[in-house]
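Presented below is the structure to which this report refers.
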Amino acid sequence: MTSRMRRLARRAAALATAATLLALGAATSALAADSVYWFDIEQPDPLISRTNLSGGGGTDILRANPSVGAFLGIAIDAAAGRIYWIEGDRINFSNLDGSGRQQLNPAGVRIESPAWLAIDTTAGKLYWFDEKTEDEQEGSDDTEPAIAYANLDGSGGGHLRATGATIEFPSGLVVHPAGGKLYWTDSNRSKIGYANLDGSGGGELDTGSAQIDEPFGLAVDAATQRVYWSNSESGTIGFASLSGGGGGSFQPNGTGIGFPAGIAIDPAADRLYWSRGGPSPIGFASLANGSGGGSLDIAGASAPLLAAANPILLKAPARARTGAVASPVTVLPAYKPGAHFTCGIAWAGDLVEANLMQAPQAVAYRWLRNGIPVPGATTTMLSPIEVGQYSCQSTATNFAGSTTLSGASFTVVSKLKLGKLKLNRKKGTATLSLSVEGPGRVKLAGKGMAPAKRIARAARTLKLTIRAKGKTKRKLFATGSARITAKLAFTPSGGKAQMQRRPIVLKRR
């Protein structure tokens, strides 16, 4: 065990509370539910566990290999259905149910004494701290922890320069992609450090008047531009502006939260979660003011002997939000057959800075016409030719569950438009031009005239010949003129017939 890990073990021992280790639960490949994952800091039989955010349904996911070492950090990639963890001097990954366990190959990045993971699922990078810096690998005696990273696709990695920041005893790590920074807590120095993701250096965050004593874990609320951290000494939650200052602290429910070892936040639900030791390792309260809340039921999972750490939320996919409001479902106007439509449902990505993962692992589509699924319409695009009311549905799934959303509805209509009438006085007939906006059948009939019909397989202009018959024809030949009323019926594909009448006077020399 390295000196860093021994120091961490001593810190964890100070957080310890009595608990009973339960048997390891069986892994399942079925969908879970909205959950929180955590690991126990170096208990005799280290575990990664989870429980449902609604309470109950707890289970132990992974057990450490005694010959390798304890757990010291986890990260989740919801879109890939993977969980990553540090185990001794290795970084491993598996499916979220614990199956398919493998070791990460960081492609040239040397791993000596890794601690704490942060994942940027958009950029495809995994970050961690390591005692062995890049300079040390080249012969330097500097053993200050450095920030290392690996590309999740196995294409390589490196070290992130943090010049200007001091990294002494990091005890938490999150990446804030939109802000271009990586944040961590330094429990020895009671500071919040950061490094710029572009490698241009780093520094320490001005936490203002906020209480900060042995911080152990943090999370960022990008909507309010705040960073939150848990104070393991006082059992409080501190916060400050990402731009510096504006700090404060509170005790959830006014009673403190024991000895917290990490936090996660769900801004949309106004929830703050923290992890700690004992039989009730996951607490929660209002993010806004620390009111309400309680502890999650972890029945089925093992209570930590020392301290639950590094809580990460995994939720079923949710609709992407525009500002503070979810994108509304609207009703679109009517369109002609053959118009092109895209199912515009957008799904939210992970809030990696908040330790909240919700990206879809798979997305399916279907289109409905008059409330009934359109056969074979299972892509994002549709060009309907049949009239009716249409809408799309998108179902996004990850390990936490599935969510189905409906897109905007619209109607497809096809109209019959009458054009010019051209008389043929020599034959005593007439040609009627008409146009249809989509496929369908046109039928022309009336008293004293021969019926005519045409089938249109697409939008087009048609011509129908009108001929007199019977008494009307005899009158036309006798007097040179006959009046009829043509009845036109257009039945668009998939729709009801549209009726029009057209008075016509046939002429003959």
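As a basis for the values below, the full set of heavy atoms in this structure was taken, side chains included, without hydrogen atoms, waters or symmetry mates. These numbers were taken from a predicted model, which means no experiment stands behind them.
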Any side-chain heavy atom of [X] within less than 4.5 Å of one from [Y]?
X      : Y      : result
Arg509 : Lys426 : yes
Arg50  : Ile61  : yes
Lys315 : Asp266 : yes
Ser435 : Leu462 : no
Ile74  : Tyr37  : yes
Cys392 : Tyr365 : no
Leu47  : Leu62  : no
Leu126 : Tyr84  : yes

Indicate yes or no for a side-chain donor-acceptor contact from [X] to the backbone of [Y] under 3.5 Å, with no hydrogens or angles considered.
X      : Y      : value
Ser241 : Gly246 : no
Ser433 : Gly419 : no
Ser35  : Ala33  : yes
Asn370 : Gln389 : yes
Asp60  : Ser302 : yes
Gln103 : Arg90  : no
Asn151 : Gly154 : no
Gln498 : Ser414 : yes
Arg366 : Gly376 : no
Arg457 : Gly440 : no

Within a 6.0 Å radius of atom [atom1] on [X], are there more than 12 heavy atoms belonging to other residues, nucleotides or ligands?
X      : atom1 : answer
Arg454 : CZ    : yes
Arg101 : CZ    : yes
Arg502 : CZ    : yes

Atom pair [atom1] ([X]) and [atom2] ([Y]), whose distance is rounded to the nearest 0.5 Å:
X      : Y      : atom1 : atom2 : value
Asp34  : Asn398 : CG    : CG    : 8.5 Å
Gln361 : Thr397 : CD    : OG1   : 8.5 Å
Met357 : Leu314 : CE    : CG    : 8.5 Å
Ile237 : Phe250 : CD1   : CZ    : 5.5 Å
Asp120 : Leu197 : CG    : CG    : 7.0 Å
Lys415 : Gln500 : NZ    : CD    : 11.0 Å

What are the two closest heavy atoms between [X] and [Y], and how far apart are they?
X      : Y      : answer
Pro114 : Trp128 : CB-CD1, 3.7 Å
Gly401 : Pro317 : O-CD, 3.6 Å
Asp350 : Ala359 : OD1-N, 2.8 Å
Ile91  : Leu117 : CD1-CD2, 4.2 Å
Ile147 : Ala195 : CD1-CB, 3.8 Å
Ala148 : Val109 : CB-CG1, 4.1 Å

Under 3.5 Å side-chain donor-acceptor pair for [X] and [Y]:
X      : Y      : answer
Ser286 : Asp270 : yes
Thr404 : Thr395 : yes
Ser409 : Ser391 : no

Item checked: Chi angles and distances behind the side chain to side chain contact (heavy atoms under 4.5 Å, CB included) call for Val505, Ser481 -> CA-CA 7 Å; Val505 178; Ser481 176; 3.5 Å; yes
Margin query: Walk me through whether Thr472 and Ile484 qualify under side chain to side chain contact (heavy atoms under 4.5 Å, CB included).
Written below: CA-CA 8 Å; Thr472 304; Ile484 63 174; 3.5 Å; yes
Check: Less than 4.0 Å between a side-chain N and a carboxylate O, is that true for Arg63 and Glu87?
Finding: no
Next item on the list: In sequence, state the C-alpha distance, the side-chain angles, and the governing distance for Asp77 and Thr121, and then conclude on side chain to side chain donor-acceptor pair (under 3.5 Å).
Entry: CA-CA 6 Å; Asp77 185 347; Thr121 51; 5.4 Å; no
Next item on the list: Kindly indicate, with the supporting measurements, whether the criterion side chain to side chain contact (heavy atoms under 4.5 Å, CB included) is fulfilled by Leu368 and Gln393.
Entry: CA-CA 8 Å; Leu368 306 178; Gln393 287 184 343; 3.7 Å; yes
Check: Where do Ser200 and Asp198 land on the side chain to side chain donor-acceptor pair (under 3.5 Å) test, with the steps shown first?
Finding: CA-CA 6 Å; Ser200 60; Asp198 62 6; 2.6 Å; yes
Can you classify the ring geometry of [X] versus [Y] as parallel (below 30°), tilted (30 to 60°) or perpendicular (above 60°)?
X      : Y      : answer
Tyr127 : Tyr149 : tilted
Phe71  : Trp85  : perpendicular
Tyr194 : Tyr183 : tilted

Notebook entry, point to check: Could you walk me through whether Thr431 and Ile466 pass the side chain to side chain contact (heavy atoms under 4.5 Å, CB included) check?
Noted result: CA-CA 6 Å; Thr431 301; Ile466 300 171; over 6 Å; no
Next item on the list: Mind running side chain to side chain donor-acceptor pair (under 3.5 Å) on Trp367 and Thr378 for me, showing each step along the way?
Entry: CA-CA 7 Å; Trp367 293 84; Thr378 57; over 6 Å; no
Next item on the list: Check the pair Phe410, Phe341 against ring pair (Phe, Tyr, Trp, His ring centres under 6.0 Å), reporting the backbone distance first and the verdict last.
Entry: CA-CA 10 Å; Phe410 59 92; Phe341 300 93; 3.8 Å; yes
